[in-house]
Amino acid sequence: MGTPDLAATCLENLLRRADFQIIAAVTQPDRPRGRNLQLHPSPVKTIALRAGLPVLQPERARDEAFIQQLRSLSPDLITVAAFGQILPRAILELPPHACLNVHTSLLPKYRGAAPIQWAILNDESITGVTIMKMDAGLDTGDILSREQTPIQPDDDSQTLHDRLATMGGNLLSRTIPDWVSGKIAPQPQPADGVSHAPKIRKEDGRIDWTQPARTLWNRIRAFTPWPGAFTYLPGDAQPQILKLWEAAPVAESGPPGVVMRRDKNGITVGCGDGALLIRSLQKQASRRMTAGEFLAGHELKPGTKLG
RNA sequence: CGCGGGGUGGAGCAGCCUGGUAGCUCGCAAGGCUCAUAACCUUGAGGUCCUGGGUUCAAAUCCCAGCCCCGCAA
């Protein structure tokens with residue numbers, strides 16, 4: 001059971017294994033997306049259909065009809081990765097070998113919807129994936145296995161996500177046989193070190209230039225590629241949203257939000273502590289551009305105040 | 001009919017409201033300058049202003065129709 005790319009990657013990994021038989025995929029119903037709000041299948045559905053798997057798309061996982069349907073499949077084990085709905089106890093207790101969840105943090109840290117983003121936001125140097133036996137709480141189940149990875153300076157949520165998805169798929173595939181054969185003793189999550197990673201909202205991506213450059217740098221990386229960190233470009237009529245894609249902290253200082261310099265390296269903007277060098281960005285209703293491309297068509301004089 | 005922006009030399013943009021010589025930054029080419037540079041100076045090449053129709057003495061600009069592109073929507 002799962003919905004976005006993370007789950008699709010895990011599913012692909014499981015499909016490559018000859019020792020499991022996958023009997024069905026469960027994912028969220030097709031949602032309207034794209035320029036004309038047409039219905040689009042989730043990444044998991046796309047992969048599942050390609051593999052010829054039956055696909056279930058319950059509007060509500062707690063509906064009795066769906067639970068019955070699931071029961072009739074009599075799965076030995078259910079794996080869950082970013083499914084997007086809370087599973088009722090009836091489903092958690094349905095398979096003899098339980099429901100296993102792939103979570104992209106080192107539990108008990110960063111329980112919740114956006115562990116990858118929060119790890120970057122909080123300047124963590126290490127994160128990872130955890131396979132746990134699901135219980136009724138939010139990411140509170142017993143731990144079966146974990147794997148770590150460092151967060152690199154050039155990581156953003158996309159690159160970290162991709163890496164963790166691959167690791168998660170592999171770890172899940174390796175963990176299942178050991179779990180089913182009884183080689184793994186579930187470890188309760190320690191009470192210490194619990195933290196939460198709530199959903200991020202679009203407006204959380206707004207850059208507050210009075211904050212230190214390193215903090216803003218983390219915010220930009222955490223919000224890339226979605227929903228994007230942004231600031232405002234003062235305009236003739238209305239300020240325009242300016243999404244910041246790539247930036248790096250530099251050892252200079254200037255008044256917060258003020259463009260200090262613009263050259264071939266990028267656009268240097270003062271922060272509360274230090275400065276940020278913007279390397280690529282995107283104006284409202286336009287595509288992503290390098291700083292050089294952007295500057296070719298926009299004056300953006302030094303002294304311009306963003307925000 | 002989900003909301004919005006746009007199509008102007010190779011790239012990014014201005015010009016359109018208020019019709020009248022095609023403009024800016026960058027790139028490219030040639031020459032110059034410099035110990036030197038993703039430096040600087042000079043000169044140059046390169047454009048059916050998306051397409052079709054309409055209005056007009058005159059349309060990149062105004063009107064109608066069409067095609068294409070992009071952003072937002074998790």
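Proteins get letters first, then strands, A, B, ... in listed order; numbering begins at 1 in each. The figures that follow rest on heavy atoms only: side chains count, while hydrogens, waters and symmetry mates do not.
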* Asked: More 5' along RNA chain B: A/M289 or A/R35, using each one's nearest nucleotide?
  -> A/R35
* Asked: Given that both distances must come in under 3.5 Å, which nucleotide forms a Watson-Crick or G-U wobble pair with B/C62?
  -> B/G54
* Could you tell me whether A/R31 and A/E59 make a salt bridge, using a distance below 4.0 angstrom between a side-chain N and a carboxylate O? => yes
* When A/K45 is tested against each of A/Q57, A/H40, A/Q28 for side chain to side chain donor-acceptor pair (under 3.5 Å), which residue passes? -> A/Q57
* Does A/K243 put a side-chain nitrogen or oxygen below 4.0 Å from OP1 or OP2 of B/G71? -> no
* To do: Scan A/G34 against the nucleic acid and name what it touches under 4.0 Å (heavy atoms): base, sugar-phosphate only, or nothing.
  => base
* Counterpart base for B/U43, defined by Watson-Crick or G-U wobble contacts under 3.5 Å -> B/A29
* Using the P atom as the reference point in each nucleotide, state the distance between B/A45 and B/C57 in Å, no decimals. => 36 Å
* To do: Could you give the distance separating B/A60 and B/C40 at their C1' atoms, to the nearest angstrom?
  => 35 Å
* Are A/I184 and A/L171 co-members of a hydrophobic cluster defined by side-chain heavy atoms under 4.5 Å apart? -> yes
* To do: Measure from NE2 on A/H298 to P on B/G12 and round the result to the nearest Å.
  => 11 Å
* To do: Measure the distance from NZ on A/K301 to P on B/U25 and round it to the nearest whole Å.
  => 14 Å
* Distance between the C1' atoms of B/G66 and B/G7, in whole angstroms? -> 14 Å
* Could you label the plane-to-plane angle of the A/F294 and A/H298 rings as parallel, tilted or perpendicular, counting under 30° as parallel and over 60° as perpendicular? => parallel
* Structure fact -> Rounded to whole Å, the CZ-C1' distance (A/F230 to B/G71) equals 15 Å
* Asked: Hey, any chance A/I241 and A/W245 share a hydrophobic cluster, counting ILVMFWY side chains that come within less than 4.5 Å of each other, even indirectly?
  -> no
* Between B/C24 and B/G44 - P atom distance, rounded Å -> 12 Å
* Could you tell me whether A/R33 contacts a base, only the sugar-phosphate backbone, or nothing, with contacts defined as non-hydrogen atoms closer than 4.0 Å? => base
* Do the side-chain N or O atoms of A/S286 get closer than 4.0 angstrom to the phosphate oxygens (OP1, OP2) of B/C72? -> no
* Could you measure between the two C1' atoms, the one in B/G5 and the one in B/C13, and give it in whole Å? => 14 Å
* Starting at atom CG of A/L295, determine the distance to atom P of B/C24, rounded to an integer number of angstrom. => 19 Å
* To do: May I ask you to say what A/K199 touches in the nucleic acid, namely base, sugar-phosphate or nothing, with a heavy-atom cut-off under 4.0 Å?
  => nothing
* Structure fact -> As its Watson-Crick or G-U partner within any shown strand, both distances under 3.5 Å, B/G2 has B/C72
* Asked: If each of A/E293 and A/N36 is mapped to the nucleotide of RNA chain B with the nearest heavy atom, which maps nearer the 5' terminus, i.e. the 5' end?
  -> A/N36
* Asked: Any chance the side chains of A/Q211 and A/R219 put a donor and an acceptor closer than 3.5 Å?
  -> no
* In whole angstrom, give the distance that lies between atom CZ of A/F294 and atom P of B/C70. => 20 Å
* Which nucleotide sits closest to the side chain of A/A296: B/A38, B/A11, B/G2? -> B/A11
* Asked: Taking atom P of B/G4 as reference, at what distance in whole Å does atom CD of A/Q284 sit?
  -> 12 Å
* Rounded P spacing from B/G27 to B/A11 in Å -> 15 Å
* Over how many whole Å does the gap from A/I241 atom CD1 to B/C70 atom C1' extend? -> 16 Å
* Asked: Between B/G5, B/C13, B/G2, which one does the side chain of A/L37 approach most closely?
  -> B/G2
* Asked: In whole angstroms, how far is the C1' atom of B/G12 from the CG atom of A/L281?
  -> 12 Å
* Take atom C1' in B/U8 and the same atom in B/G46, then report the distance between them in whole Å. => 14 Å
* With rounding to whole Å, what would you report as the distance between B/U34 and B/C41 at their P atoms? -> 16 Å
* Asked: Do A/T149 and A/R163 have side-chain atoms, one donor and one acceptor, less than 3.5 Å apart?
  -> yes
